[in-house]
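To start, the structure itself, in structure tokens.
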Amino acid sequence: MFSGKTEELIRRLKRAKIAKLKVEIFKPGVDTRYSEEDVVSHNATALHSIPVESANEILFYATDVDVIGIDEAQFLDDELPNVCEQLANQGVRVIIAGLDMDFMGNPFGPMPKLMAIAEDVTKVHAICVRCGSPAQFSHRTIAGDKLVVLGETESYEPLCRACYLKAREERQSLAAPLDNNQDGVNQNLDV
Ligand code: ZN
């Protein structure tokens, strides 16, 4: 969140449109924060999009297209990698934006597999609100363990690895994935 990934998706799709390519944009039906039918970034650049309940629905709409964009892909189901591969094999360029990790720091939905099969992966980072470093974690600032919480400014803060681990320690509520790595706080995990 707040990393500019939707802006980057919109930028690439607008360039495809300038190139006179046929573009179709999808987003999960669950993401209804701003508008039912537009992909809207935090700085309010909008492109018309089709809300879908399942990944397979994309195949139904994505006929006679050159490029498809999918926003908030982490909320779509595990069929999404197959759907994207099928489209890519047909010559469609597939551009996906999504959160790679949930608020607990775990890989989010179909994103790991999508990143594995993609020709190209760009990680865009927000800025850590506590120290100003690049932030790759979304720390939830309210209680609860439900995965999908929308209405984000009150609920999430982007944090770097060190500040995220500190915040998590403060809350003393979650098990740390870096348990057996004593130096975890000062190390970066490069993917
Ligand atoms: Zn930080």
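Ligands are counted one by one from 1 in listed order, and the atoms in each one are counted from 1 as well.
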Test: Arg140 and Glu157 ion pair at under 4.0 Å: no

Polar side-chain atom of Tyr164 near backbone of Met104 as donor-acceptor pair, under 3.5 Å: yes

In the protein, N/O/S atoms that are found under 2.8 Å from the Zn ion (ligand 1), waters not counted: Cys128 SG, Cys131 SG, Cys160 SG, Cys163 SG

NZ/NE/NH1/NH2 to OD/OE distance under 4.0 Å, Arg12 and Glu8: yes

Between Phe103 and Phe137, ring centroids under 6.0 Å: no

Short N-O contact, Arg93 and Asp66, less than 4.0 angstrom: no

Between CD on residue Glu85 and CG on residue Leu80, distance to nearest 0.5 Å: 11.5 Å

